[in-house]
**Q** 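Attaching a single structure in structure tokens format; questions to follow.
Values below: every heavy atom of this structure, side chains too, minus hydrogens, waters and symmetry copies. Atoms within a ligand are numbered from 1 in the order they appear, just like the ligands themselves. Here the structure is a predicted model, which is why all the values come from computation and not from measurement.
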Amino acid sequence: MDAKKIVIAIDGHSSTGKSTVAKQLAKALQYIYVDTGAMYRAVTLYAMRKGYIDELQFQQEALELDLSKINIKFEINDETGLAEVLLNGENVENEIRTLSVSKHVSKIAAVSNVRKKLVEQQHQMGIDKGIVMDGRDIGTVVFPKAELKLFMTATAKDRAERRYMELKEKGEDVTYEDVLKNVVDRDHIDSTRKDSPLRQAGDAIKIDNSNLTLQEQFEQILLLAKATIARA
Ligand code: DC
């Protein structure tokens, strides 16, 4: 008999490597991977392009009125085998990863109507299970009954260093101080917002990866996933 499929929810602070381990797990288990942060980032990019948000202002109502016009989808890149995000049919995978999108995304993600729209879509994607989903509220709101919930964390300094290296490698002109500030600011907004704040679900397993290599972390989590699938 085929192994039963489960839902794996991975939440945690910004830049804790949630998506790295989620991708590794999805590949090893032949599950679907969904990066929910990419969905909030795509809505943010839409708002930035429309001029609804910048350093000085945020026209929340204008964005809310446009929500029915915003279509977010994923498509598989045949070369990498990984899902990339489409905003109204346009592949925006690279653009959503810039520091300028990171600077605005937490404000957009605090809007209840934005969350409602995206959470409904996320829920549909996981209805047949066999999914690894990462974000901030997956184990608490999107799939409160997920069979395996992980909560990832690491020191802000470790996280900022990793994110800084990633952005530099992509050729972005950023300073370490700016990246650290963004990590700390986002933690604050994501954890203190009214709707679905970032918090560890009571039944989530905490993984502090400050002192773990990617391989060690993956091995630990794969064992947990296999044990959970065996019990399901
Ligand atoms: O995972 P990420 O850094 O790409 O997410 C970008 C932002 O989106 C993050 O700062 C908070 C928000 N987010 C959220 O509120 N809920 C989710 N499920 C995923 C992301």
**Q** Please check if any side-chain donor atom of Gln122 sits under 3.5 Å from a side-chain acceptor atom of Gln124, or the reverse.
**A**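 The criterion, which ignores hydrogens and geometry beyond distance, is not satisfied for Gln124 and Gln122.
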**Q** Which residue, Asn113, Ile70, Thr44, forms the side chain to side chain contact (heavy atoms under 4.5 Å, CB included) with Leu63?
**A**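 Result: among Asn113, Ile70, Thr44, Ile70 is the only option passing the side chain to side chain contact (heavy atoms under 4.5 Å, CB included) with Leu63.
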**Q** For atom 4 (O) of ligand 1, what's the nearest protein heavy-atom neighbour? Residue, atom name and distance, please.
**A** Arg41 NE, 2.7 Å
**Q** Would you say Lys117's side chain and Leu67's backbone share a donor-acceptor pair under 3.5 angstrom?
**A**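 A pair under 3.5 Å: yes.
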**Q** Ring centroids only, cut at 6.0 angstrom: are Phe143 and His123 within range, meaning strictly under it?
**A** yes
**Q** Of Ile8, Leu25, Asp35, which meets side chain to side chain contact (heavy atoms under 4.5 Å, CB included) against Asp134?
**A** Asp35
**Q** Identify, for atom 1 (O) of ligand 1, the protein heavy atom at the shortest distance, and state residue, atom and that distance.
**A**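 The closest heavy atom on the protein side is Arg136 NH1, 3.0 Å.
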**Q** Pair Asn209, Arg159 - check side chain to side chain donor-acceptor pair (under 3.5 Å), show working.
**A** CA-CA 10 Å; Asn209 62 21; Arg159 292 184 280 132; over 6 Å; no
**Q** Please check if the number of heavy atoms outside Lys107 that lie under 6.0 Å from its NZ is greater than 12.
**A**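 No, NZ of Lys107 has 12 or fewer neighbouring heavy atoms, counting only those of other groups under 6.0 Å.
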**Q** Any nitrogen or oxygen of Tyr40, side chain or backbone, less than 3.5 Å from one on ligand 1?
**A** no
**Q** Quick one: look up the protein heavy atom nearest atom 6 (C) of ligand 1 and list residue, atom name and how far away it is.
**A** Arg186 NH1, 3.5 Å
**Q** Of the protein's non-hydrogen atoms, which lies at the shortest distance from atom 12 (C) of ligand 1, and what is that distance?
**A** Ala109 CB, 3.6 Å
**Q** Decide, yes or no, whether a salt bridge links Asp190 with Arg186 under the criterion of side-chain N to carboxylate O below 4.0 Å.
**A** no
**Q** Which ligand 1 atoms does Ser106 reach within 4.0 Å, using its non-hydrogen atoms?
**A**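 Heavy-atom distances to Ser106 below 4.0 Å select 10 (O).
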**Q** Please list the nearest protein heavy atom to atom 16 (N) of ligand 1 with its residue and the distance rounded to 0.1 Å.
**A** Arg115 NH2, 3.0 Å
**Q** Among all protein heavy atoms in this structure, tell me which lies nearest to atom 11 (C) of ligand 1, with the distance rounded to 0.1 Å.
**A** Asp190 OD2, 3.3 Å
**Q** Could a heavy atom of Arg193 be found less than 4.0 Å from some atom of ligand 1?
**A**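 Heavy atoms of Arg193 do come under 4.0 Å of ligand 1.
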**Q** Please state which protein non-hydrogen atom is closest to atom 18 (N) of ligand 1 and give its distance, to 0.1 Å?
**A** Asp137 OD1, 2.8 Å
**Q** In terms of residue, atom name and distance, what is the protein heavy atom nearest to atom 19 (C) of ligand 1?
**A**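 Among all protein heavy atoms, the one nearest atom 19 (C) of ligand 1 is Thr36 OG1, 3.3 Å.
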